[in-house]
Amino acid sequence: SVRIDKPNMEVLAFAAKRLTDLSGEQVNPTELSIAKTAMEHLPKLQKRYATLGEKLLRLKLPGGDKIELINNKIDFLLDTDASEAPIIFGSEQSELYDNLNWSKEVYLAFENDFDITIGTLRNFETEIKILPATGPTGNLQVDVSDEINSVNQKLTNKNFFNDVAELQTIKSSIEDKISKTVSVMLEDQNERLNGANSEFEVIPAWRLITAEEKQNALSLLQNIAVEPTLDLKGLRNLINAQTDITNTFSEIKKRIISENEKKKGGGGKPVKSINFPSRITSRAELDALVAELKAQQDSLDQYELEITIG
């Protein structure tokens, strides 16, 4: 229906200009032309921006109220054959027009994957906050704190889409710092594993087990080691591996001590196991056997020998 109280030419000109801008088509400054264009193009815009509200909410961005106002106002216009379109778009300040233009800027930014950038930055904040607050991860938390604060400040601005370039730069910077943290922790992991034998050497019982038992213990630790990706996922994997390595070290030490206690001889001394072949076929093998026995001779006051042949 067409309005009975006619808007003046200035209002019609404003409305026609704004709908021309929104639709991309030339709109004549008449009530009929304005209403017709509104009925034709507003549903398309409503559909285009339909998912923005959910994305804004998920990414903790401002503007969800604008999407709600757009939907309500467009529904109202469509229910009245857009008879109010000249007034709504032709007033000096048109909230619907401003909100549609704002939504266009957000939509175009998200079409260029800006929403993915924001999601990554939000995830950085959440994940880094819960990392251990000591060591390399604690240093990471300190190193990125200013950047995280800057991200939060920019993303509370209604025109956050104007900071695309700067936020992408911050994202790259944080990714680089995460990568360096992974590298530092990986080096720490490898140093500990490479020094595992020395760590076990402080346990007297370690010197009493066979070479095969020692190798099995060291292999068990090596199997826990990870080759992480240089990102947050890799960092989490390293932290988990670090915990597993520490727990496995402790379990191996306890097992070695416990098993050696069970093997103590009648004199209450620990028992050291050594293996010899059941057949000797050369003088060199015999010399090696004798040398091994002589090597153990001075330690018999500390432990008993359990000799396994075969």
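Note that the structure is predicted; figures quoted are calculated from it, not measured. Numbers for residues simply follow the sequence, beginning at 1.
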Problem set entry | Donor on one side chain, acceptor on other, Glu125 and Asn152, under 3.5 Å | yes
For this session: Say whether, by atom type as modelled, one donor and one acceptor occur between the side chain of Ser150 and the main chain of Asp146 under 3.5 angstrom.
Result: no
Exercise. Ring centroid separation for Phe200 and Phe249, is it under 6.0 angstrom?
Worked result: yes
Exercise. Can you tell me if Thr37 and Glu25 form a side-chain donor-acceptor pair at under 3.5 Å?
Worked result: no
Exercise. Which word best sums up how the rings of Phe160 and Phe114 line up, parallel for under 30°, tilted for 30 to 60°, or perpendicular for over 60°?
Worked result: parallel
Exercise. Counting only heavy atoms not in Gln222, do more than 12 sit closer than 6.0 Å to its CD atom?
Worked result: yes
Exercise. Within 45 degrees of the axis of the six-membered ring of Tyr97 and under 6.0 Å from its centre: does Arg18 put its NZ or CZ there?
Worked result: yes
Problem set entry | Under 3.5 Å: donor-acceptor pair, side chain of Ser33, backbone of Pro29 | no
Problem set entry | N/O donor-acceptor pair under 3.5 Å between Asn157 side chain and Asn159 backbone | yes
For this session: Of all the heavy-atom pairs spanning Ile245 and Leu221, show the shortest one and how long it is.
Result: O-CD2, 3.9 Å
Exercise. Taking atom types as modelled and ignoring hydrogens, do the side chains of Asp81 and Ser83 form a donor-acceptor contact shorter than 3.5 angstrom?
Worked result: no
For this session: Kindly state whether the ring of Phe14 and the ring of Phe89 have centres lying under 6.0 angstrom apart.
Result: no
Exercise. Can you check whether Ser172's main-chain N or O pairs, donor with acceptor, with Asp176's side chain at less than 3.5 Å?
Worked result: no
For this session: Would you tell me whether Gln46 and Asp75 have side-chain atoms, one donor and one acceptor, within less than 3.5 Å of each other?
Result: yes
Problem set entry | Short side-chain to backbone donor-acceptor contact, Thr243 and Ile239, under 3.5 Å | yes
Exercise. So, Thr117 side chain and Gln168 main chain: donor-acceptor pair closer than 3.5 Å or not?
Worked result: no
For this session: Evaluate the criterion salt bridge (Lys or Arg N to Asp or Glu O under 4.0 Å) for residue pair Glu95 and Lys73; output intermediate values, then yes/no.
Result: CA-CA 10 Å; Glu95 185 179 37; Lys73 190 66 74 173; 5.6 Å; no
For this session: May I ask you to check whether over 12 heavy atoms, not counting those of Lys44, lie within 6.0 Å of atom NZ?
Result: yes
Exercise. Do the side chain of Ser179 and the main chain of Glu175 share a donor and acceptor less than 3.5 angstrom apart?
Worked result: no
Problem set entry | Atom pair NE2/CG of His41 and Leu19 - distance to nearest 0.5 Å | 8.5 Å
For this session: Measure from the side-chain N and O atoms of Thr181 to the backbone N and O of Leu140, and report whether any donor-acceptor pair falls under 3.5 Å.
Result: no
Exercise. Got a donor-acceptor contact below 3.5 angstrom from the Asp21 side chain to the Lys17 backbone?
Worked result: no
Problem set entry | Heavy-atom donor-acceptor pair, Asp113 side chain to Ile116 backbone, under 3.5 Å | no
